[in-house]
Structure formats: C-alpha cells, structure tokens
Amino acid sequence: MDERAGGLDPGGHLAATAGDCVHCGFCLPACPTYQLWGEEMDSPRGRIHLISQVLDGAPVSEKVTMHLDRCLGCMACVTACPSGVRYNELIEAARAWPEQAGSAAGPVQAGAPRSVRDRAVRAAIFATFPYPKRLRALSGPLRAAQRAGFDRLTQRGPLARYAPELAGSLRLAPRSPGRQGKLPARIPARGERRAVVGMLTGCVQQVFFPHVNAATARVLAAEGCDVIVPPGQGCCGALSLHAGRADEAARFAERTIAEFERAGVDAIVINSAGCGSAMKEYGAFFAHSANGEPGRLASRAAAFSGRVRDFSEFLADLYRDHGGPRAIRHELKAITAYHDACHLAHAQRIRQQPRDLLGGIPGLDLIEVGGGGACCGSAGIYNLVQPEAAAELGQRKAAAIRATRARLVVSANPGCSLQIAAAMAADGGDPVLVAHIAEVLDASFRGLPLSALGPSSA
C-alpha cells in the first residue's frame, strides 16, 4: 500500500473490511442498482473490488466515482451477505475520496475532483437541506412553481435533460405545507411517567413533516413518557455522513451529542430511519480519527449511540419492560402496506417492531409489499443527484404497492414518504395516503378517521 493509499486507510481498517468479501455473489440479487443495470461494477462486490484497487494505489478515476455514486447505500447487501462484510463502512469512506480529491490534502488526495457542475449541485444541496430555516425558505418557491404547473413541465423537455436535479426537487416536494407550531421544550407524560426521552426534530422532517413530529410526541406522552425537545438541536449529520462529507458530519454530530447530553434523558427517540441509523453509527464514526486512533469524542459518541432508539424500537422495549401498551387503540379501518425503509430494516435490523405496532390497531389490515423490501430510490440525496435511477426504482415500488390494493402506505422515514408519494402520484392510479407510523398510531389513539392523516391532522 503506497503513501497515498495509507492516508486513505490509516491502520488498514478498510483493507481488512474489504478483504472479508469472498465474492460469492449473494449480494447481487439484493442490490437495486445491479437489478437495474446488470453491471458488475454497480454491485456491492464490484464496488468493493474498485475500493480495494484504490487502496492498492489506483486513482479515483471518473469511472470509479460514477460507480460509487450510483450506490444507494441501502445496505440490502449487508443483510444478504453471509460473510458479514461491513459494506456501509466501505462505501461511506469511499464516498469521501472524490470530496477530498483536488483539495491539496496531502497523501489523502485520491484523484480527479468532481466536475464543477456536480460540485455545485452538491454544494447547493448541503447548503440547504441540513438547515431547516433555509429549507423552509426554499419550500415556498418550490410550491409556487408546482402551483404554476412547472413540476409537470420539467418532467419532459430541456429542463429534465439539463437540470434533472431541479426537476427532481419539483417532483418530490410535498404540495401541502407542513403547518405545525414549534414543539415545546417538554411535553409531559400522560398518567404515571414511565420514561424521560429526548426527541430529534430533524431537518426534512421538521420542515416538510412537522405533523409527524407532533404525532410522535403525542404518542410517546400517551404511553407515559416525558418528551424533551432540546431547542438548540440541529441537523444530526446523516445526509453528510452517508454522502462522504465526513468533516461536516462530525460537526453536526458533535453538536447533537452535546445538546442531548445536556437534556439528561433515558433514551433519544428518532422517527427518521436515516437519522437513527447515522446516530447509532456515531460511536464507530468517532472511533477512528485521521491517524487511525480513537477520536477525542469516541467515548462520548459511543455512550450516545447506545441510547439512540428508533420510535418503533423504543415503544417495543417500553411495552416489554413496563407492562405493555397504555393508550387505548380505536378502530382504524384500512388495507395498509408497510414499506421497510432501508436504513431501518437493513442498517438497524428493525423489521418486526413496526409491524407489531400496526398489527395492534383494530381494523387495520396489514399487507406485505412484494419485491423483498427493495429500496424505493430515496436514499438520502440520491433522488436529487441520481434522479433517473431513483425515478425508476420509485416506479417499481409504486407498482408493488398498487398490487396490494392498499389505501394507506406506512413508512418510517421522511425521504421514503416523499419518494413514494411522488411515485404514486405520477403513475395515474387512485390516490393513496402515505403516512408515518407515528401518525397512524396517533390517529388510532385519538379516534380519528383515516382521512385525518397528513398535515391537516396536526
């Protein structure tokens, strides 16, 4: 391994992880991009091969970057892999290489930098999405463009060809603004208190789905939890971490850790699968600094990650340890399809808990979606920077959902909700409600009809 590759992989951690791959091919049928194109280098084992070549001294060429960028990061391969290869660690590290390239970063410089256009698009995304105030300011013009019909015009013609990211933004942005007042810093438990939990409000969730945050807080309070909403919290760093922007992710993560440490809570409950996955990775992320030694935040990050729980995971544990559900469930009649968000099912291995929660609602008929839980194409910023592939995956997901004849689709991730809603709206079929699991539970607790789900129910 030459000096440059050593800078990319201090301590040889990545090389050892890549060496765990035995190239058996079990990942191939699980990989959405391999299913789309049938290209070996667009499979997990193909990308591991490319990563190994770079670690052996090969440059990060334009072709290598293209295949790394085409990966959704859905982690279906991690679930499928019989050898336990930690592909998530490999792809997150490798995605940092084009970001570092051309930055005069000494031995870490890995090859040709991204194109000016690609860098500009990514800079615009990361200057906006992790910052709720900026994203909220952008959402107004997006909705105005939708009302003027520009979202339909941009799906065809020159704009779709030359500005696909803008076309994707117009297609994905929710048409109804998420109206909801700011959550108080503390929402008291109803009845005897069973836990004190912190709640992440998120970035996209806070702007586009504030009603989901409100429903989450109501459900947790109804089940006996004091809910603490730290006012100084911001982005958790998930989008940055999964896109290879490690320094940016570290800054967001450090702030998040500090805010919730001050809150003094038993657990940190997350209602966004991508955020929860990233926050559970903080310990591993800070375990290796630039020189391969544990970072200064390593112990604090590990302790923090140990307290992070997905919304469904937390409720399942609460019921198990504290006497079962407390809130009364009212009937909510609906044929319901549950979508496995990739960063919940694959990255966090949480599959049964959401199904158990939905199964406890009287009248709700839960139907499995075909396709083996394949990615919907959202994948963080993927549907903005790879809009054509994302749209095709969205169409496949919409077709699988249509086959269930469901009236309600339930997800646990805001990006998935946006992607699925856009795909269902585009296929010309009957309208289908797309809601978060917290909204569905909240409606059942409050005795609301199915029609109340969505922004207007908050």
Side-chain angles (χ1 to χ4, degrees), residues 180 182-202 205-206 209-233 236 256-257 259-273 275-277 279-280 282 302-332 338 344 348-362 364 410 412 435-448 457-458:
Q180 173 66 38
K182 186 176 181 180
L183 290 172
R186 187 182 191 97
I187 298 100
R190 292 174 57 185
E192 182 182 355
R193 186 175 69 193
R194 302 201 282 187
V196 179
V197 303
M199 191 180 107
L200 183 80
T201 53
Q205 192 86 296
Q206 181 183 148
F209 301 103
H211 51 285
V212 172
N213 283 339
T216 301
R218 284 193 296 265
V219 168
L220 292 170
E223 292 292 12
C225 300
D226 277 1
V227 182
I228 309 300
V229 184
Q233 65 174 297
C236 70
T256 302
I257 290 169
E259 284 296 323
F260 282 96
E261 282 177 338
R262 284 192 287 269
V265 295
D266 302 323
I268 301 108
V269 178
I270 314 299
N271 60 12
S272 167
C275 297
S277 173
M279 293 166 75
K280 287 181 178 181
Y282 281 178
F304 176 90
S305 291
R307 289 186 293 140
V308 174
R309 295 290 183 274
D310 174 72
F311 172 76
S312 297
E313 176 187 28
F314 174 78
L315 285 181
D317 291 347
L318 182 75
Y319 297 162
R320 181 195 63 209
D321 298 336
H322 295 279
R326 176 182 292 177
I328 297 173
R329 273 78 168 156
H330 298 92
E331 186 176 68
L332 191 65
Y338 173 70
L344 194 63
Q348 300 185 58
R349 305 296 177 95
I350 295 172
R351 298 181 180 84
Q352 192 57 44
Q353 296 95 319
R355 290 171 167 83
D356 288 344
L357 289 174
L358 292 170
I361 297 175
L364 193 144
V410 179
H436 191 281
I437 187 171
E439 292 181 89
V440 181
L441 283 172
D442 181 51
S444 175
F445 288 8
R446 297 162 69 194
L448 300 176
S457 68

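The first residue in the sequence is number 1, and the count goes up from there.
Proximity of a side-chain donor or acceptor of D266 to a complementary backbone N or O of V196 within less than 3.5 Å is detected. Under the 3.5 Å distance criterion, the side-chain polar atoms of R329 are matched with a main-chain donor or acceptor of A327. Although no hydrogens or angles enter the test, the distance criterion places a donor-acceptor pair under 3.5 Å between the side chain of Q206 and the main chain of G202. Looking only at distances, no side-chain donor or acceptor of Q205 sits under 3.5 Å from a matching main-chain atom of N213. Checking side-chain atoms of R326 against main-chain N and O of E192 turns up a donor-acceptor pair under 3.5 Å. Listed for the Q233 side chain is a donor-acceptor partner under 3.5 Å among the backbone atoms of T201.
Nearest heavy-atom pair across V227 and A217 is CG2-O, 4.0 Å. Across every non-hydrogen atom of A221 and P188, the tightest pair is CB-O, 3.5 Å. Closest approach of R351 to R355, counting heavy atoms only: O-NH1, 3.0 Å. The minimum heavy-atom distance between A435 and V440, with the atom names listed, is CB-CG2, 4.2 Å. In this structure, P354 and I350 approach most closely via the heavy-atom pair CD-CG2, 3.9 Å. The minimum heavy-atom distance between L332 and A443, with the atom names listed, is CD2-CB, 4.4 Å.
Distance OH/Y338 to CG/L364: 13.0 Å, rounded to 0.5 Å. Note that NE2 of H436 and OG of S272 are 7.5 Å apart. Values are rounded to the nearest 0.5 Å. In this structure, CG in L315 is found 5.5 Å from CG in L357, a value given to the nearest 0.5 Å.
The salt bridge (Lys or Arg N to Asp or Glu O under 4.0 Å) test applied to R194 returns E223, not counting sequence neighbours. For R193, the salt bridge (Lys or Arg N to Asp or Glu O under 4.0 Å) partners two or more places apart in sequence, or in a different chain, are D226. By the salt bridge (Lys or Arg N to Asp or Glu O under 4.0 Å) test, E261 pairs with R300, sequence neighbours left out. For A316, the side-chain contact (heavy atoms from CB on, under 4.5 Å) partners are Q353, not counting sequence neighbours. Legend: residues meeting side chain to side chain donor-acceptor pair (under 3.5 Å) with S277, ordered by chain and number and at least two apart, are E281.
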*May I have the step-by-step check of side chain to side chain contact (heavy atoms under 4.5 Å, CB included) for I268 and T256, ending in yes or no?*
CA-CA 11 Å; I268 301 108; T256 302; over 6 Å; no
*D442/T216 under side chain to side chain contact (heavy atoms under 4.5 Å, CB included): CA gap, chis, key distance, verdict*: CA-CA 8 Å; D442 181 51; T216 301; over 6 Å; no
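Within the 4.5 Å cutoff, side-chain heavy atoms of F311 are placed close to those of L441. Here the side chains of C225 and F314 are in contact, with some heavy-atom distance below 4.5 Å. A heavy-atom distance below 4.5 Å is not found between the side chains of L200 and N271. M199 has its side chain within reach of L183: a pair of non-hydrogen atoms, C-beta onward, lies under 4.5 Å apart.
For CZ of R190, the number of neighbouring non-hydrogen atoms (other residues, nucleotides, ligands) closer than 6.0 Å is 12 at most.
Each side chain to side chain donor-acceptor pair (under 3.5 Å) pair with one or both residues in residues 303-317, not counting sequence neighbours, appears once here: K280-E313, D317-R320.
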